[in-house]
K.L.:
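Mind looking over this structure? Questions follow.
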2 protein chains.
Amino acid sequence: MATIYDVARRAKVSASTVSRVLNGKQSVDATLAERVREAARDLDYRPNALARSLRRSQTHLWAVLVSDINNPFFTALVRGVEDVAQRSRYSVVLCNSDENPDKEASYIAAILAEQIAGVIISPTNRSGHLRQLLDADVPIVAIDRKARGARVDTVTVDNTEAAELATNHLLSEGFIRIACITGPRDISTAEERLEGYRQALRAAGREYDPRLVRYADFREQGGYTAMAELLDHTPRPDAVFATNNLLTVGALECMVDRGVRVPDDVGVFGFDDVPSATLIRPPLSTITQPTYDIGRTAAELLLRRIADPSRPPTLSVLPTHLHVRASSLKRPRGTESQR
Amino acid sequence: MATIYDVARRAKVSASTVSRVLNGKQSVDATLAERVREAARDLDYRPNALARSLRRSQTHLWAVLVSDINNPFFTALVRGVEDVAQRSRYSVVLCNSDENPDKEASYIAAILAEQIAGVIISPTNRSGHLRQLLDADVPIVAIDRKARGARVDTVTVDNTEAAELATNHLLSEGFIRIACITGPRDISTAEERLEGYRQALRAAGREYDPRLVRYADFREQGGYTAMAELLDHTPRPDAVFATNNLLTVGALECMVDRGVRVPDDVGVFGFDDVPSATLIRPPLSTITQPTYDIGRTAAELLLRRIADPSRPPTLSVLPTHLHVRASSLKRPRGTESQR
DNA sequence: CTGTTAGCGCATTCAG
DNA sequence: CTGAATGCGCTAACAG
């Protein structure tokens with residue numbers, strides 16, 4: 001690979017001049033500038049980002065550290081991040097912590113070592129990883145969940161309200177024993193959605209029955225197992241609220257395997273867009289999140305944080321959308337939609 | 001951030017000694033080594049990867065550059081890559097070219113600039129991007145598709161054979177007008193799968209009707225539009241072979257919207273695992289690829305290539321699996337499965 | 001406006 | 001076995 005000195009020699013100028021031309025700093029004589037550009041072109045010169053970053057002690061790389069790369073919710077976000085990043089000349093790399101604190105730790109270490117310019121993360125919250133980033137003054141934005149014990153910019157939706165609306169809908173449809181399958185206890189998203197479910201029951205004067213609540217990891221298998229347990233229990237629930245897309249799919253798979261009919265035997269309300277949702281029968285009632293906007297907003301917050309590290313942390317709460325479809329209707333009545 | 005000199009000062013040794021201890025090079029006096037480790041711990045010292053990589057002119061980062069981050073086929077791969085990488089102390093970052101040559105070019109530039117140690121890529125093939133990597137001696141493994149005009153290690157499946165098997169199955173079921181929705185012309189995967197379809201028709205003595213073939217981008221929308229065109233045409237096809245998961249989903253969505261029944265009106269055979277496949281009725285016949293193994297194999301090839309840059313390029317062809325289910329059966333007969 | 005000098009943090013010669 | 005010196009490639013002061 002050609003270095004800046006190779007270019008300088010060929011253009012018969014100093015390395016500084018090459019640097020100035022290529023970075024558009026200061027003004028350089030037009031003739032020289034042209035010579036430099038030509039030399040760079042001839043040599044197919046590519047600045048070594050390592051050297052540049054070392055020198056400037058800052059990179060132009062962002063990392064998006066998600067908890068599950070196989071969850072389309074997270075990959076959909078990335079597009080929003082990329083679009084903002086590109087406009088500001090950052091490159092985006094995606095890392096997968098797999099809800100595994102060890103993997104998360106390892107990526108955090110890499111992020112620190114590589115002097116990454118900014119991080120968008122759905123934190124596992126199981127340890128002080130975020131602290132390390134904060135201590136090293138790495139700009140951070142949390143998405144999807146709140147970072148425990150760390151004041152950082154955060155982009156979420158109003159999970160409690162959304163869950164409450166979904167549960168209210170199930171109640172108003174006349175479902176009696178409504179179960180909830182939620183995520184791990186230490187993830188704010190899981191807690192808040194469960195809380196919304198609870199509030200709806202309370203407001204309706206229903207007794208809260210802990211046997212109708214299942215904690216699972218945010219995976220299909222978790223939803224499947226949780227649903228199986230719920231169905232094995234007597235009396236059975238007649239509806240279920242699942243707090244993310246994979247849990248919803250898992251729960252549905254369990255019901256398919258057991259011949260449980262939706263919504264006749266068990267009504268279903270899900271969270272997030274479910275892959276191939278339009279092909280699933282009956283059509284699925286879900287709360288959806290503005291994934292692209294979540295990514296975009298997180299990226300914009302990151303830009304602001306980079307520009308002004310001392311600004312107070314922001315919490316950005318984006319709107320959800322309630323899609324009522326056949327899976328949550330006591331008797332089929334077609335499809336509606338409301339906020 | 002503490003530097004190596006800070007650690008050296010605290011341990012009352014030279015920076016060289018710190019470097020030796022922390023990298024396990026040469027033998028260092030046990031007492032000194034312990035002092036160094038303690039000092040490093042006290043200062044929470046983290047080597048600056050930029051400086052180290054600059055010095056060694058090599059990083060410990062791999063990039064996986066996929067053509068569509070929203071396609072679960074590609075994200076599923078990553079797990080296989082990660083597992084191998086981790087064992088060899090590499091970190092994996094994922095970049096999304098979005099089937100967009102410009103985005104690809106921009107990531108290739110970043111990969112070059114960042115001195116990435118190895119690249120696993122599903123190339124768009126629209127320009128000489130791979131050449132740039134090869135010229136810079138960056139180890140590369142192509143996945144999913146063959147790299148045009150570049151001799152690189154490659155991991156694929158036998159697309160032609162798989163497509164032929166699928167089409168043969170449709171033929172043997174008695175479908176007469178079998179359509180094919182395939183991907184862009186310049187992607188080997190799309191070409192080979194189409195070729196398998198052709199070969200099956202030829203072997204069966206069927207005339208090849210180009211009006212039954214549609215090229216689309218490998219997206220849901222592409223499958224939807226292509227299917228709409230096929231359905232608008234007279235006479236209609238009575239079966240369709242879609243050459244990837246998203247095309248399959250798109251085609252199915254179109255049929256749902258138009259009230260076309262599967263398989264009674266149109267039989268369907270898909271490619272790849274389709275998200276939430278088990279929830280889709282009728283169950284979908286598909287050819288599946290061993291995604292995890294593709295990732296793992298690619299990573300292993302990358303390791304070998306890094307160890308020995310001069311070894312001849314390998315083509316690794318992994319087995320596919322044919323899942324015959326109800327969507328491709330003339331009359332429902334339950335579910336079978338064969339190689 | 002341009003060139004010289006220095007140093008980012010580290011690993012690796014080379015002496016000792 | 002250990003330390004001093006050097007340079008990876010680049011940019012930012014500083015002179016000129």
Side-chain angles (χ1 to χ4, degrees), chain A residues 1-37 39-40 43-61 89 109-117 136-137, chain B residues 1-37 39-40 43-61 89 109-117 136-137:
Chain A
M1 289 282 272
T3 74
I4 200 169
Y5 288 103
D6 298 326
V7 178
R9 201 172 313 123
R10 189 173 236 269
K12 300 192 200 305
V13 297
S14 73
S16 324
T17 302
V18 176
S19 174
R20 287 182 192 116
V21 172
L22 268 30
N23 291 295
K25 305 271 182 179
Q26 300 183 220
S27 49
V28 175
D29 181 85
T31 323
L32 288 194
E34 188 43 47
R35 280 215 320 260
V36 167
R37 270 186 283 269
L43 295 172
D44 192 28
Y45 169 68
R46 295 159 184 289
N48 182 324
L50 259 30
R52 168 186 301 194
S53 301
L54 178 60
R55 180 59 233 245
R56 289 193 181 157
S57 37
Q58 55 160 319
T59 64
H60 61 125
L61 277 184
R89 318 206 129 261
I111 284 166
L112 249 21
E114 302 290 339
Q115 316 271 88
I116 295 294
D137 294 318
Chain B
M1 289 281 273
T3 75
I4 199 169
Y5 289 104
D6 299 326
V7 178
R9 202 173 311 126
R10 188 172 236 268
K12 299 194 199 307
V13 296
S14 73
S16 326
T17 301
V18 176
S19 174
R20 287 181 192 117
V21 171
L22 268 29
N23 291 295
K25 304 272 183 181
Q26 299 184 222
S27 51
V28 175
D29 181 86
T31 324
L32 288 195
E34 187 43 46
R35 280 220 314 264
V36 167
R37 270 186 282 270
L43 295 172
D44 191 29
Y45 169 67
R46 296 161 183 288
N48 182 324
L50 258 31
R52 167 186 301 197
S53 301
L54 178 60
R55 178 60 233 245
R56 290 193 179 157
S57 38
Q58 55 160 321
T59 63
H60 61 123
L61 235 43
R89 316 205 132 263
I111 284 167
L112 249 21
E114 302 290 339
Q115 314 273 90
I116 295 294
D137 293 318

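Per chain, numbering begins at 1; letters A, B, ... match sequence-line order.
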K.L.:
For Ser14(A) and Arg52(B), take the nucleotide of DNA chain C holding the closest heavy atom to each; which residue's nucleotide lies nearer the 5' end?
P.N.:
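Of the two residues, Ser14(A) wins.
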K.L.:
Taking any atom closer than 4.0 angstrom to a non-hydrogen atom of chain B, what span of DNA chain C does the protein reach, first nucleotide to last?
P.N.:
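So the contact region on DNA chain C extends dG9(C) to dT13(C).
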K.L.:
Can you name the closest pair of heavy atoms from Pro47(B) and Ala113(A) and give their distance?
P.N.:
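Closest pair (atom of Pro47(B), atom of Ala113(A), distance): O-CB, 3.9 Å.
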K.L.:
Do Arg55(B) and dG9(D) have a side chain to base donor-acceptor pair shorter than 3.5 Å?
P.N.:
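A donor-acceptor contact between them is absent.
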K.L.:
Ignoring hydrogens and angles, are the base of dA4(D) and the side chain of Ser16(B) linked by a donor-acceptor pair under 3.5 Å?
P.N.:
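Present.
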K.L.:
Please compare Leu54(B) and Val18(A) by the position of their nearest nucleotide in DNA chain D and report the one closer to 5'.
P.N.:
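Its nucleotide being nearer the 5' end, the pick is Leu54(B).
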K.L.:
Looking only at heavy atoms, what is the nearest atom pair of Leu32(A) and Val13(A), with distance?
P.N.:
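Result for this residue pair: CD2-CG1, 3.8 Å.
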K.L.:
Measure NZ/Lys12(B) against P/dG3(D) and give the value in whole Å, please.
P.N.:
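Value for this atom pair: 13 Å.
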K.L.:
Mind calculating the distance between NE2 (His60(A)) and P (dC10(D)) to the nearest angstrom?
P.N.:
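Rounded to the whole Å, the gap is 13 Å.
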K.L.:
Which atom names give the shortest non-hydrogen contact between His60(B) and Glu114(A), and what distance separates them?
P.N.:
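Looking at all heavy atoms of both residues, the closest pair is NE2-OE2, 3.3 Å.
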K.L.:
Would you mind reading off the distance between Leu50(A) atom CG and dC10(D) atom C1', rounded to a whole angstrom?
P.N.:
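That distance rounds to 11 Å.
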K.L.:
Separation of Lys25(A) atom NZ from dC10(D) atom C1', in whole Å?
P.N.:
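Lys25(A) atom NZ is separated from dC10(D) atom C1' by 13 Å.
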K.L.:
Whether Tyr45(A) contacts dC10(D) is assessed here as follows: a side-chain N or O lying under 4.0 Å from the phosphate OP1 or OP2. Is that the case?
P.N.:
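The answer is yes; a side-chain N or O of Tyr45(A) sits under 4.0 Å from OP1 or OP2.
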K.L.:
Is there a donor-acceptor contact under 3.5 Å from the side chain of Thr59(A) to the main chain of Ser53(A)?
P.N.:
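No; zero donor-acceptor contacts below 3.5 Å.
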K.L.:
Measure from CG on Leu22(A) to C1' on dA12(D) and round the result to the nearest Å.
P.N.:
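Distance check: Leu22(A) CG to dA12(D) C1' gives 16 Å.
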K.L.:
Rounded to whole angstrom units, what separation is found between the CG atom of Asn23(B) and the C1' atom of dC1(D)?
P.N.:
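Taking atom C1' of dC1(D) as the reference, CG of Asn23(B) is at 17 Å.
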K.L.:
What closest approach, in Å, do Val36(B) and Leu22(B) show between heavy atoms, and which atom pair accounts for it?
P.N.:
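Closest approach of Val36(B) to Leu22(B), heavy atoms only: CG1-CD1, 3.9 Å.
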K.L.:
Nearest whole Å is fine: how far is dG9(D) P from Asn48(B) CG?
P.N.:
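One finds 17 Å between P of dG9(D) and CG of Asn48(B), rounded.
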K.L.:
Of all heavy-atom pairs between Ala15(A) and Tyr5(A), which one has the smallest distance, and what is that distance?
P.N.:
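Nearest pair, atom of Ala15(A) first, then Tyr5(A): CB-CE2, 3.6 Å.
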K.L.:
Search all heavy atoms of Val21(B) against all heavy atoms of Val28(B) and return the closest pair with its distance.
P.N.:
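Smallest heavy-atom distance, with atoms named: CG2-CG1, 3.8 Å.
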K.L.:
Whole Å only: how far is the CZ atom of Arg35(B) from the P atom of dC1(D)?
P.N.:
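After rounding, the reported distance stands at 16 Å.
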